[in-house]
Number of protein chains: 2
Amino acid sequence: MTTIHEVAKAAGVSISTVSYALSGKRPVSEKTRQRIEDAVTALGYQPDAGARMLAGRRTHIFALTEPLRADTHAPTHMAFVLATAIAARRRGYDILLLTDEQASEGMNRVAASRLVDAILVLDVAPDDERVAIARAVSTPTVFIGVPEDHNQLMCVDMDFAAVGDLAVDRLADAGYNRMMLLGQTEVSYRRSNFPRRLLHAAQDRAAERGIDLDWVTTGEIATDTAVVHSAVENALDRGHRAFIVHAVDDTHEVLLSVLAERGLAVGTDVSVISAAASFDTTALAVKLDTIPLVPQRSCELAVDLAVRQLDGERLVPEIHLLPPEYLPFGSVASSPLDSSDVRAERPAPTAD
Amino acid sequence: MTTIHEVAKAAGVSISTVSYALSGKRPVSEKTRQRIEDAVTALGYQPDAGARMLAGRRTHIFALTEPLRADTHAPTHMAFVLATAIAARRRGYDILLLTDEQASEGMNRVAASRLVDAILVLDVAPDDERVAIARAVSTPTVFIGVPEDHNQLMCVDMDFAAVGDLAVDRLADAGYNRMMLLGQTEVSYRRSNFPRRLLHAAQDRAAERGIDLDWVTTGEIATDTAVVHSAVENALDRGHRAFIVHAVDDTHEVLLSVLAERGLAVGTDVSVISAAASFDTTALAVKLDTIPLVPQRSCELAVDLAVRQLDGERLVPEIHLLPPEYLPFGSVASSPLDSSDVRAERPAPTAD
DNA sequence: TTGAAAGCGATACCAT
DNA sequence: ATGGTATCGCTTTCAA
């Protein structure tokens, strides 16, 4: 193992100069800094992590807690983990995984042992037990998601309410007076609150504008293809021609396939908006107007907030809601038929 | 922060006694060890991670490298990550995530800085670049998967060849002389070698026993439901009545739904074996005979091998293949019709 | 602009 | 069975 002493000797300077040259915390003449850098690369020097943690006040590690429940949607979750890891590395931090069933134990342990500089919390539940721990430990903690009781907590999340408003507004502006929200699984409305935030905002906005908004979930636990299929059939039979989809990719696919079966053209006969999807909707059979949920944005902000706190910035604990962005792809009809007309011209067959 | 000094003072002993009492590396009288433990819990003492890493020769951290390519099947991957994390924690180790596009950089860094005690390699490709690095660094490395060039490498994996043999044997023993292997996606046969290991073993065994084995992949990149659907239809039309499924859950579901549509009863009219599935097949509509791929087994063994190396055991670098286990659920018919009979009694309609 | 040296908080060797 | 202390490799204050 190469130590800082060997680098110092090779460069003909003291170890403190090497340390400062590498950290940049003290000016070092261009000449010596060059010699030091040469020595570093020549010897393949890499500061000892343990020594750095002990002497410095930084471990350069973030903990990432993720309960990984059985109902977690793996692809979405992976996207967040990956985005966090990449954002952290860019700032010089590694990610330590805390997947314990009892995330509490892990959080306390890494905080008490000073293993990590900050804690990032993923997959936040409304009544998350990690809230109490975050308050108890002195390690800076950032939630990616918003628990019910978020007083004095630092949180980052998409503004799901704004997503709901935006989606309803677009369809309403296009002339629809009724629309269908294809939501998440039943369990996700219980275990998280972001689906509710979108739903309630959409319902309120619809009520304000005198719009008839229907809502269905996409299965009990996991997304149930059959449930989605019949829900869509049913909605079409009842005259629905405008859809807001807040769901996983499978649900999008089922919706599009039913529309295709019926010969309904998206952007002409029916309108569809994908709301808060974290996958690439442009890979679908039909491109959809999308209000994307970009994990990178949330995760980068979370990492940034953590780093800034470590750098001494005195940030107020608050919720950071990322404003939604609307990506048009022509899936909303410009001047649709009114749904009552639709109903008139096409008598609803019995479902099934 | 509570230090070992405070614990020592509270317990009225020296710091070395505290250290030994906690590590158990030296006998300590029951009386004093009790006082020390009391002090530890009273003060909520947790040894400083950095100090431990520097003074001891253990960081109590394992690195887990996972390239996370776009075609990675998220649920399967998550199962492995989770299993590894749990196995490691049980042995007192945390998991540091290395998800870099260039896993090389991360591996070199954590090895050189002595951030981790060992490296676990996930999602192994046939020509994995991490093989070279594993050979270069002195940090013990265990592959979960088997690269093409595994000379001098420590690897753990399911014995996929044995899985293939076993599946073919069961169906052959049941009297089938032709069978269909529903395989993985095309890309997985290129990016990994475990699908090939199963396939080739099955083909060889089939050839030995004079059995007609067909094989199809389940889509180009991601599993394509339509592709699977027509492949199964086609196979049935050609008289196939025995299936080996080496694929994700979606593929199982499509197969079962086609069989149901046709009114073919699993275990009577047709036989199905699920081979090397890492999800819970008992949750399917029909219970299937399964040769499961249990991530826990591979991951626990990998962790165990890493720990034993750290404990000084001089293990020879070799491949550890886990023998398959056959879980019967009655999905293989006991005395099936010969496929030629089947063909005779049911003229094959043209597909589609 | 640079160097010397005092910690950081454990582990583990050498004594007693 | 227990205590004293050198040591790990770095960061950072204090001096020059």
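First the proteins, then the strands, lettered A, B, ... as listed; each starts at 1. Worth saying up front: this structure is predicted, and the values here are computed from it rather than measured.
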Asks: Between B/Lys25 and B/Leu54, who's closer to the 5' end of DNA chain C by nearest nucleotide?
Replies: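 Mapping each residue to its closest nucleotide by heavy atoms, the 5'-most match is B/Leu54.
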Asks: Under the rule for side-chain contact (heavy atoms from CB on, under 4.5 Å), what residues qualify as partners of B/Pro295, not counting sequence neighbours?
Replies: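 Listed in chain order: B/Ala79, B/Phe80, B/Ala83, B/Ser278.
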Asks: What is the distance, to the nearest angstrom, from the CG atom on B/Asp48 to the P atom on D/dC10?
Replies: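 Answer to the nearest Å: 17 Å.
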Asks: Considering only heavy atoms and no angle criterion, is a donor-acceptor pair shorter than 3.5 Å present between the side chain of B/Tyr20 and the base of C/dC13?
Replies: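 Such a pair is found, so the answer is yes.
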Asks: Mark yes or no for a side-chain to base donor-acceptor pair under 3.5 Å between A/Arg26 and C/dG3, with no hydrogen or angle criteria applied.
Replies: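 When only heavy-atom distances are counted, A/Arg26 does reach the base of C/dG3 through a donor-acceptor pair under 3.5 Å.
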Asks: Does B/Ser19 make a side-chain N or O approach to OP1 or OP2 of C/dT11 shorter than 4.0 Å?
Replies: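 True: B/Ser19 side-chain N/O within range (under 4.0 Å) of C/dT11 OP1/OP2.
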Asks: Have a look at B/Thr32 and say if it touches a base, only the backbone sugar-phosphate, or nothing, with a 4.0 Å heavy-atom cut-off.
Replies: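 The residue B/Thr32 makes sugar-phosphate contact but no base contact.
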Asks: Can you list the residues that meet the ring pair (Phe, Tyr, Trp, His ring centres under 6.0 Å) rule with A/His77, with sequence neighbours excluded?
Replies: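 In terms of ring pair (Phe, Tyr, Trp, His ring centres under 6.0 Å), with neighbours along the sequence ignored, A/His77 is linked to no residue.
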Asks: One pair to check against side-chain contact (heavy atoms from CB on, under 4.5 Å): A/Gln34 and A/Glu30. What are the steps and the verdict?
Replies: CA-CA 6 Å; A/Gln34 191 55 56; A/Glu30 190 47 46; 4.0 Å; yes
Asks: Look at the side-chain N and O atoms of A/Ser23 and state whether any lies under 4.0 Å from the OP1 or OP2 oxygen of D/dT11.
Replies: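 A/Ser23 to D/dT11 OP1/OP2: no side-chain N or O under 4.0 Å.
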Asks: Round to the nearest Å and state the distance from B/His5 atom NE2 to C/dT11 atom P.
Replies: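 Rounding to the nearest Å, NE2 of B/His5 and P of C/dT11 are 12 Å apart.
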Asks: So B/Ser113, base contact, sugar-phosphate only, or nothing? Heavy-atom distance under 4.0 Å.
Replies: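 Nothing, no nucleic acid heavy atom in range.
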Asks: Under 4.0 Å from OP1 or OP2 of D/dT2: is there any side-chain N or O of B/Thr17 that close?
Replies: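 No, B/Thr17 has no side-chain N/O under 4.0 Å of OP1/OP2 on D/dT2.
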Asks: Heavy atom of residues 55-63 of chain A under 4.0 Å from DNA chain D: which residues?
Replies: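 Of all residues in residues 55-63 of chain A, the ones placing a heavy atom under 4.0 Å from DNA chain D are A/Ala55, A/Gly56.
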Asks: Please classify the nucleic acid contact of B/Thr3 as base, sugar-phosphate, or nothing, using heavy-atom distances under 4.0 Å.
Replies: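 If one applies the 4.0 Å heavy-atom cut-off, B/Thr3 turns out to touch the sugar-phosphate alone, with no base involved.
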Asks: Determine whether any donor atom in the side chain of B/Ser16 lies under 3.5 Å from an acceptor atom in the base of D/dG3, or the reverse, and answer yes or no.
Replies: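 Such a pair is found, so the answer is yes.
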Asks: Is there a side-chain contact between B/Leu64 and B/Leu96 (heavy atoms, below 4.5 Å)?
Replies: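 A side-chain contact is absent here, since even the closest heavy-atom pair is not under 4.5 Å.
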Asks: Side chain of B/Ile15 only, heavy atoms from C-beta on: which candidate in C/dT2, D/dT2, D/dT5 is closest?
Replies: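 The closest nucleotide is D/dT5.
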Asks: Check the distance between C/dG7's P and B/Ile4's CD1 and give it to me in whole angstrom.
Replies: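 My rounded result for the distance is 19 Å.
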Asks: Of A/Val116, A/Thr139, A/Leu310, A/Val110, which is the lone residue that meets side-chain contact (heavy atoms from CB on, under 4.5 Å) with A/Phe62?
Replies: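 The option that passes is A/Leu310.
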Asks: Just how far, in rounded Å, is P of C/dT11 from CG of B/Leu22?
Replies: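 Spelled out: CG on B/Leu22 to P on C/dT11 is 8 Å.
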Asks: Starting at the 5' end of DNA chain D and moving along, which residue's nearest nucleotide shows up first, B/Arg35 or B/Arg114?
Replies: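 Residue closer to the 5' terminus by nearest nucleotide: B/Arg35.
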Asks: Ignoring hydrogens and geometry beyond distance, is a side-chain donor-acceptor pair present between A/Arg130 and A/Thr65 at under 3.5 Å?
Replies: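 The answer is yes; a qualifying pair exists.
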Asks: For A/Gln46 and D/dC10, give me the distance from atom CD to atom P, rounded to whole Å.
Replies: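 These atoms are roughly 10 Å apart.
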Asks: B/Arg52 has an atom CZ; how far is it from atom P of D/dT7, in whole Å?
Replies: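 To the nearest whole Å, that distance equals 23 Å.
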Asks: Check the distance between C/dG9's P and A/Leu115's CG and give it to me in whole angstrom.
Replies: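 Rounded to the whole Å, the gap is 15 Å.
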Asks: Please state how far atom NZ in A/Lys31 lies from atom P in C/dT1, giving the value in whole angstrom units.
Replies: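 In whole Å, C/dT1 P and A/Lys31 NZ are 12 Å from each other.
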Asks: If you check every side-chain atom of B/Ala51, which of C/dA10, D/dT11, C/dT2 has the closest atom?
Replies: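 It is C/dA10.
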Asks: Just checking, is any N or O donor in the side chain of B/Glu129 or B/Ser104 under 3.5 Å from an acceptor N or O on the other one?
Replies: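 Distance-only check passes for B/Glu129 and B/Ser104.
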Asks: Taking atom types as modelled, find out whether A/Ser16 and A/Ser19 have a side-chain donor-acceptor pair closer than 3.5 angstrom.
Replies: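 Note: A/Ser16 and A/Ser19 side chains miss the donor-acceptor criterion.
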